[in-house]
Amino acid sequence: MPEPPYDAVLVLSFGGPEKPDDVIPFLENVLRGRNVPRERMLAVAEHYYHFGGKSPINDQNRALIGALERELESHNLRLPIYWGNRNWNPLLADALRRMRADGVRKALAFVTSIFSSYSGCRQYLEDIERGRAEVDGAPEIYKLRAFYNHPLFIEAQADEVRTAMGNLPAKLVFTAHSVPLSMAETSDYQKQLQESCRLVAERLSVNDWRLVYQSRSGAPGQPWLEPDIGDVLREMDRGADVVVAPIGFVSDHMEVIYDLDTEARDIARERGVNLVRASTVGVHPKFLQMIRELIEERFGLRQPRAIGQYPPSHDVCAPGCCPAPARRASSTLSDSSPQAITQR
C-alpha cells in the first residue's frame, strides 16, 4: 500500500475571546504592529462585552471539527483534525507543536474563509509560514483550495436562504465583509462574491437580489466596498420584507450576531422593515460533504467540482496572488491594516 500523501487536517481560523478577561488581549493580538487608536479598540471591545465577553466563533469551530470528524470517519478517511487560530487560543504555533509531537508530517489546512483576498487567503498562508518558523520540525501544511463556486457550498447556502425566505415575498440581500478598495483591486474578492450570490439566487429562482457590505472599520476618508447594509436598509420602503444572507461568512460569529442581528436589526426596526436573517452554512451537511470532497481531491480520489462560469480554484496560490494593499502615507486607522479591526 502506498503511503497516504497527507496524515492530518488542520482547521485554521481567526480566533476570538471566550471570557471578558480575554477581550483586550485578543484585540491587542489582532492589532499588534498596527497604528489603530486605542479608543477604536475599546469601542470594538464593547461589542464583545455586549455578549458577555465571548465570541461564538470558537464554539462554532469546535462544532465544525466534531461534525467533520464524523463526516470523514463515515467515509473511511481516518485523519486526525487539529485546530489553530490566528489571534487567540488555540494559537496556530501551539497546534503545530501538537502535530509535531503526534508525528504529523504533512497536513491539509481548511481555512474558515470563503473568498480570495489578502486577509482571507494570503494572510493565512503567511500565518502558516510564520507558525512553522516558530516550531522546529513543524509539519508541512497545504491549504485547501477556495470553494466559492463548489456546488455543495452553493446548495448549502441556498438551503439556508430558502428556509429564511419561507413564503415571504422578500427582497434578498447578500452581505459580505467590506474591505478597502485597495485590497479588492488586488484580488478576486468581488468577482467571486458576485458569482456565489448569482449561483445561490439562480438555484432559488430569485431575480430580485443584490450584494451589499457590512462591518467596515476604516476611516471615512478611505474608500471601502459599498453599499453598506445599514444604508440599504434606511432606503427601503416602510413595511418591506428583506432576507439578509451573510454569504461572506462561514459561521454565525460576532460580525454576524452584532453587525447584523443587533445593529442592522435595530436600523430595520426603526425604518419599519421586516428583516429576516438567513443562517450561515456552519455545520450544514452539504458544507461538511464539501470539505470532505476538497480533502478527497488532494488525495486523488475525485476530480475538483465547480459550477457557474469559472473553473475550480487552483490548489497552490501563485507567489503574487492576493498581495497586501500598499499602506498610504498617513497613519490613520484605515491605513494601519488591510481590515483594521474585525470582530469574530
Side-chain angles (χ1 to χ4, degrees), residues 1-18 22 25-26 28-30 32-33 55 57-113 118-147 250-251 283 288 290-301 314-319 321-322 324 344:
M1 288 285 291
E3 187 174 328
Y6 306 98
D7 47 12
V9 173
L10 170 67
V11 172
L12 180 53
S13 193
F14 190 86
E18 303 214 61
D22 293 345
F26 160 73
E28 289 173 342
N29 280 350
V30 174
R32 183 173 291 118
S55 167
I57 193 171
N58 281 348
D59 281 346
Q60 290 165 3
N61 280 327
R62 292 184 183 101
L64 175 66
I65 290 166
L68 183 57
E69 286 173 338
R70 294 187 290 274
E71 175 71 20
L72 297 183
E73 179 69 24
S74 68
H75 289 81
N76 296 313
L77 283 172
R78 294 179 174 84
L79 296 169
I81 301 178
Y82 296 83
W83 172 29
N85 289 325
R86 174 182 290 167
N87 296 301
W88 199 246
N89 301 320
L91 292 168
L92 174 58
D94 294 332
L96 293 173
R97 292 186 183 95
R98 289 191 294 273
M99 296 167 79
R100 179 191 61 185
D102 291 345
V104 174
R105 289 169 296 177
K106 292 177 69 175
L108 292 169
F110 175 75
V111 173
T112 59
S113 181
Y118 172 71
S119 60
C121 182
R122 172 63 54 188
Q123 193 172 5
Y124 280 109
L125 296 175
E126 294 173 353
D127 292 337
I128 289 170
E129 291 311 305
R130 190 178 302 110
R132 293 187 71 242
E134 291 181 30
V135 180
D136 290 339
E140 298 175 39
I141 307 294
Y142 299 86
K143 179 181 173 294
L144 293 168
R145 68 177 177 89
F147 52 84
V250 167
S251 62
V283 293
L288 297 168
M290 182 210 72
I291 301 173
R292 171 175 57 80
E293 287 197 7
L294 295 179
I295 293 168
E296 290 173 340
E297 288 177 15
R298 298 299 286 266
F299 274 79
L301 299 176
H314 43 263
D315 284 334
V316 179
C317 293
C321 119
C322 298
R344 306 276 176 123

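Quantities reported herein were computed from a predicted structural model and do not represent experimental measurements. Any value given below was found using the heavy atoms of this structure, including those in side chains, with hydrogens, waters and symmetry copies removed. Positions are given from 1, in the same order as the sequence printed here.
Counting non-hydrogen atoms of neighbouring residues, nucleotides and ligands closer than 6.0 angstrom, the CZ atom of Arg62 exceeds 12 such neighbours.
No side-chain heavy atom of Asp102 sits under 4.5 Å from any side-chain heavy atom of Pro80. Annotation: side chain of Phe110 is not in contact with side chain of Ile295 (no heavy-atom distance under 4.5 Å). For the pair Leu64 and Gln60, the minimum side-chain heavy-atom distance is 4.5 Å or more.
Nearest heavy-atom pair across Arg298 and Lys143 is NH1-O, 3.1 Å. Looking at every heavy atom in both residues, Asp127 comes nearest to Arg130 through OD1-NH1, 3.1 Å. Closest heavy-atom contact between Val111 and Phe147: O-CE2, 4.4 Å. The shortest heavy-atom contact between Glu126 and Tyr118 is OE1-OH, 2.6 Å. Here the closest non-hydrogen pair linking Cys321 and Arg122 is O-NE, 3.0 Å. Of all non-hydrogen atoms in Leu91 and Arg86, the two that sit nearest each other are CD2-O, 4.1 Å.
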Side chain to side chain contact (heavy atoms under 4.5 Å, CB included) assessment of Leu77 paired with Glu71: CA-CA 9 Å; Leu77 283 172; Glu71 175 71 20; over 6 Å; no
Stepwise side chain to side chain contact (heavy atoms under 4.5 Å, CB included) test for Asn87 and Arg32: CA-CA 10 Å; Asn87 296 301; Arg32 183 173 291 118; over 6 Å; no
Evaluation steps, side chain to side chain contact (heavy atoms under 4.5 Å, CB included), between Cys317 and Leu125: CA-CA 9 Å; Cys317 293; Leu125 296 175; 4.0 Å; yes
Verdict with supporting geometry, Leu72 and Arg292, side chain to side chain contact (heavy atoms under 4.5 Å, CB included): CA-CA 6 Å; Leu72 297 183; Arg292 171 175 57 80; 4.0 Å; yes
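Between Phe26 and Trp88, the two ring planes are perpendicular [angle over 60°; tilted spans 30° to 60°].
No side-chain donor-acceptor contact under 3.5 Å links Asp94 to the backbone of Pro90. Proximity of a side-chain donor or acceptor of Asp7 to a complementary backbone N or O of Val104 within less than 3.5 Å is not detected. Panel note: side chain Arg70, backbone Gly66; a donor-acceptor pair is recorded below 3.5 Å. In terms of modelled atom types and a separation under 3.5 Å, the side chain of Asn58 and the main chain of Gly16 share a donor-acceptor contact.
Summarising the geometry, atom CD belonging to Gln123 is positioned 12.0 Å from atom CD1 belonging to Ile128; distances are rounded to the nearest 0.5 Å. The line from CZ of Arg105 to OH of Tyr6 is 13.5 Å long, rounded to the nearest 0.5 Å.
Here the options are Ile81, Ile291, Leu144, Ile65, the test is side chain to side chain contact (heavy atoms under 4.5 Å, CB included), and the partner is Val9; only Ile81 passes.
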